[in-house]
Amino acid sequence: TVSHDNGQTWSALKQIPENLYKTYRGCIAPGNMLLIGRGSLKGKVLACFRSYAKRNGAVVQGNFFLCYDPAQDSWSSITAKGTGVQSDGRLNITGTDDEAHLLQTGDNTFLLSTRSGSSNYKKYRNFATLTYASGSLAVKNLGSCGMDLQMATNGEMIAYTAQGGDEYYL
C-alpha cells in the first residue's frame, strides 16, 4: 500500500507486475526497500525483489532491482550491469545471495549488502556498490565480511555522522 499523507490514509494493495521479476517466486522482504532522498531517483523507492524459485529443478536465487514511482503510481524494473549480474537480470554475486539491504551513499550511489551462504556453506554478508546512471545500475563487488557466521544474518546498515562530520556506514 502507499500513503501520500504521512501514514494518515493508505491506498489499496499495490500489485507488482509479474513481468518485472520474470514470474519467479519471491518477495520484497523487510529492509529490502529504500526511499531515495536525493539524486535522479529522488522520491522513488528502490527495492530488491528476492527470488528463491525453482526452475527445471534448479534454484533461481538472487535479487531483481525494482523501482516504485509514487507520482506515477507504477513499478518498473531497473537493469543491473556488472559483477554478479545473471543473464536474466538477477544480481547473484556469490551464487547464494538472497536477502538484500540498501543504503544511499551519494546522489546516485548506494551500498548493497546481501546475505550469502546456506546450511552447507559458511555464512557471511557480501557487499557491493551500485551507481545509477542512464536508467541502469552499475554493480561493483566489494567482497564479503569474511566472517564464518553460525547463522545467515539479516544485517541492517545505517549511515552515521560523527560530531566532527566524518561519515561512517555500519
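All values reported here derive from a predicted model rather than from experimental measurement.
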Chemist: What closest approach, in Å, do Leu34 and Gln104 show between heavy atoms, and which atom pair accounts for it?
Modeler: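 Heavy-atom minimum between the residues: CD2-N, 3.6 Å.
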Chemist: Minimum heavy-atom separation for Ala128 and Val139, please, with both atom names.
Modeler: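 Distance-wise, the nearest heavy atoms are CB-CG1, 4.1 Å.
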Chemist: When rounded to the nearest 0.5 angstrom, what is the spacing between OG in Ser113 and CG in Asn126?
Modeler: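 If we round to the nearest 0.5 Å, Ser113:OG and Asn126:CG are 8.0 Å apart.
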Chemist: Can you tell me how far NE2 of His101 sits from CG of Leu111, rounded to the nearest 0.5 angstrom?
Modeler: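 The distance works out to 11.5 Å.
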Chemist: Calculate, to the nearest 0.5 Å, the distance between atoms CZ and OG1 belonging to Arg38 and Thr109 respectively.
Modeler: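 So the CZ of Arg38 and the OG1 of Thr109 are separated by 7.0 Å.
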Chemist: Check Cys67 against Leu41 and note the closest heavy-atom contact, atom names and distance.
Modeler: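 Looking at all heavy atoms of both residues, the shortest contact is SG-CD2, 4.3 Å.
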Chemist: Please report the closest heavy-atom contact between Trp75 and Pro17, naming both atoms and the distance.
Modeler: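 That closest heavy-atom pairing would be CB-CD, 4.0 Å.
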Chemist: Decide yes or no for Phe49 and Leu20: does some side-chain heavy atom of the first lie under 4.5 Å from some side-chain heavy atom of the second?
Modeler: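 No, every pair of side-chain atoms sits at 4.5 Å or beyond.
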Chemist: Taking only residues two or more places apart in sequence, or in another chain, which ones meet Lys42 in a salt bridge (charged side-chain N to carboxylate O under 4.0 Å, His left out)?
Modeler: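 Expected list: none.
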Chemist: Rounded to the nearest 0.5 Å, what separates atom OG1 in Thr114 from atom CD in Gln61?
Modeler: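 CD of Gln61 is found 10.0 Å from OG1 of Thr114.
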Chemist: Should Met33 and Tyr68 count as side-chain neighbours, where that means a heavy-atom distance under 4.5 Å?
Modeler: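 Answer no - side chains too far apart.
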Chemist: Might you point out which heavy atoms bring Gly43 and Leu35 nearest each other, and give the distance in Å?
Modeler: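 Smallest interatomic distance, heavy atoms only, reads O-CD1, 3.8 Å.
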Chemist: Is there side-chain contact between Thr129 and Thr105, with heavy atoms separated by less than 4.5 Å?
Modeler: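 In short, these two side chains do not touch, never coming nearer than 4.5 Å.
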Chemist: Can you name the closest pair of heavy atoms from Leu112 and Leu102 and give their distance?
Modeler: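 Answer, listing the atom of Leu112 first, then Leu102: CD1-CD2, 3.7 Å.
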Chemist: Less than 4.5 Å apart, side chain to side chain, heavy atoms only: is that true for Lys140 and Thr131?
Modeler: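 Contact flag for Lys140/Thr131 side chains = no.
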Chemist: Taking distance alone, no hydrogens or angles, what donor-acceptor pairs closer than 3.5 Å link side-chain atoms of residues 77-85 to residues at least two apart or in another chain?
Modeler:
none

Chemist: Working note: Asp69 + Ser76, criterion side-chain contact (heavy atoms from CB on, under 4.5 Å); need CA distance, chi angles, decisive distance, verdict.
Modeler: CA-CA 8 Å; Asp69 183 345; Ser76 60; over 6 Å; no
Chemist: Rounded to the nearest 0.5 Å, what separation is found between the CZ atom of Phe110 and the CG atom of Leu130?
Modeler: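 Output value for this atom pair is 7.5 Å.
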Chemist: Just to verify, what does Phe65 make a ring pair (Phe, Tyr, Trp, His ring centres under 6.0 Å) with, not counting sequence neighbours?
Modeler: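 With sequence neighbours excluded, Phe65 shows a ring pair (Phe, Tyr, Trp, His ring centres under 6.0 Å) to no residue whatsoever.
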Chemist: Any donor-acceptor pair under 3.5 Å linking the side chain of Asn108 with the backbone of Ser40?
Modeler: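 The answer is yes, because a donor-acceptor pair under 3.5 Å joins these two groups.
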Chemist: Please report the interatomic distance CD(Glu18) to CD1(Ile16), rounded to the nearest 0.5 Å.
Modeler: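 It comes to 11.0 Å.
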